[in-house]
Amino acid sequence: MSSPVTRVALLDPKRAFAPLADELKQACARVLESGRYIMGPEVEGFEQACASYLGVKHAIGVSSGTDALLVALMALGVGHGDEAILPTYTFFATAGSVARLGAKPVFVDSCPRCFNIDPQAIEALISKKTKALIPVHLFGQAAELAPIMALGKRHGLPVIEDACQAIGAEWHERRVGGITELGCFSFFPSKNLGGFGDAGLVTTQDDKLATTLRHLRSHGEVTRYDHQLLGANFRIDALQCALLSIKLKHLDAYTAARQKHAALYTKLLSEAGVGAHGSAGACCPACASSDTAKSKAGKGAPVVLPFAAQSRHVFNQYVIRAPGRRDGLRDFLKDKGVDTAVYYPVPLHLQKAFAYLGHKPGEFKVAEAAAADSLALPVWAEMTSDEVTYVAERIIEFCRR
Ligand SMILES: *Cc1c(COP(=O)(O)O)cnc(C)c1O
């Protein structure tokens with residue numbers, strides 16, 4: 001019998017490593033002994049495996065998810081004076097990569113149900129300076145792409161999917177990151193396909209963009225020492241590719257485990273009358289008709305459960321909302337040995353780094369409310385159902401005090 005749970009970590013990458021240890025060490029040894037550490041067959045093999053998994057023509061390995069965004073924007077020629085439209089409720093890199101190129105991140109509020117960019121708020125922000133639309137598939141759930149792609153088409157704007165949290169997630173039976181002009185992925189250890197350090201990927205169906213991306217990744221070099229573009233060193237490591245190739249084969253099993261944990265949280269919290277889906281407005285029909293859990297709690301439940309509106313939510317995060325008592329719940333869980341996280345405590349429009357844009361509190365109400373009351377529970381693939389149950393029981397305990 002396993003010992004009773006007393007502590008649940010937010011993530012434990014060593015548990016993912018353990019069952020694959022021999023295979024990973026062998027791959028490591030193979031690369032070390034090959035003497036080929038930059039580019040080469042390991043990188044090509046991994047890129048091909050990713051392209052086939054994602055159903056895209058081109059997959060280009062890069063140094064991180066952040067650099068995937070940066071190089072995607074560079075390939076589109078985004079620079080000084082340009083603008084890109086993106087959600088304020090996301091990880092910093094989505095906007096940071098735009099700003100680093102001298103362009104302006106133009107923020108949009110989110111849908112109160114699925115946390116993704118509100119597509120209805122985009123069109124009013126499109127100007128002559130707009131060069132790209134960047135929806136983020138936040139927490140592992142596809143953003144509603146149809147209206148965004150329609151806007152892109154109407155205004156001649158490319159759409160970059162920030163799929164860093166959503167590898168394997170689907171939108172209308174298509175894997176995200178391969179649906180619009182460009183897709184960006186991260187293999188940061190906490191992502192669904194977690195690497196052993198930093199790494200990322202850019203995807204595209206477009207041959208010309210793919211060639212440009214490959215050049216940009218290596219200093220704009222077209223042939224040795226013939227630099228035709230201003231690129232940089234955005235290469236992925238051969239060693240990382242060898243290791244990630246092994247984990248990629250298990251990605252669907254990791255996803256299934258995350259979905260199982262998410263379903264258990266939803267079941268336990270809703271059956272206890274503690275959690276229910278919120279009644280706030282939706283960003284799109286899919287979101288509006290999302291699978292509301294059978295709940296005894298109904299309106300006024302202390303905990304708002306995450307929606308799973310789209311066809312395949314891969315639960316990079318299971319994010320609940322506890323309006324008015326998030327910090328109290330977080331402290332209580334910490335006391336009971338449960339680690340949680342807040343994604344994200346400050347929306348990007350209120351970050352100091354973007355103070356020069358002149359935004360004020362109250363401008364993006366959904367994002368600001370989400371920042372104040374959202375809480376991410378542990379939902380990594382290798383955790384046990386006992387651990388999920390322990391976390392859910394502690395939340396129920398807190399709500400019934
Ligand atoms: C993780 C993440 C990134 C950046 O990826 P890194 O590999 O950490 O650079 C970008 N956007 C989103 C939404 C992310 O979650």
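Numbering of ligands and ligand atoms starts at 1, following listing order.
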How far apart are the C-alpha atoms of F187 and F46, what are their side-chain angles, what is the distance that settles it, and do they pass the ring-ring contact (aromatic ring centres under 6.0 Å, His included) test? CA-CA 12 Å; F187 305 118; F46 178 61; 5.5 Å; yes
As a quick check of understanding, evaluate salt bridge (Lys or Arg N to Asp or Glu O under 4.0 Å) for R321 and D373, giving each step before the final call. CA-CA 5 Å; R321 302 180 69 161; D373 62 27; 2.8 Å; yes
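Residues H261 and E387 have side chains that never bring a donor and an acceptor to within less than 3.5 angstrom of each other.
Considering K365, H359, K360 as possible partners of E363, the one that fulfils the side chain to side chain donor-acceptor pair (under 3.5 Å) test is H359.
Remark: F188 engages no residue in a ring pair (Phe, Tyr, Trp, His ring centres under 6.0 Å) (not counting sequence neighbours).
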Quick one: ligand 1 N/O to protein N/O pairs below 3.5 Å?
| unit_1 | atom_1 | unit_2 | atom_2 | d |
| --- | --- | --- | --- | --- |
| ligand 1 | 5 (O) | S186 | OG | 3.3 |
| ligand 1 | 7 (O) | G65 | N | 2.8 |
| ligand 1 | 7 (O) | S186 | OG | 2.6 |
| ligand 1 | 9 (O) | G65 | N | 3.4 |
| ligand 1 | 9 (O) | T66 | N | 2.8 |
| ligand 1 | 9 (O) | T66 | OG1 | 2.5 |
| ligand 1 | 11 (N) | D162 | OD1 | 3.3 |
| ligand 1 | 11 (N) | D162 | OD2 | 2.8 |
| ligand 1 | 15 (O) | Q165 | NE2 | 2.8 |
| ligand 1 | 15 (O) | K191 | NZ | 3.0 |

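The pair D82-K104 fails the salt-bridge criterion, with no side-chain N (NZ, NE, NH1 or NH2) lying under 4.0 Å from an Asp/Glu carboxylate O.
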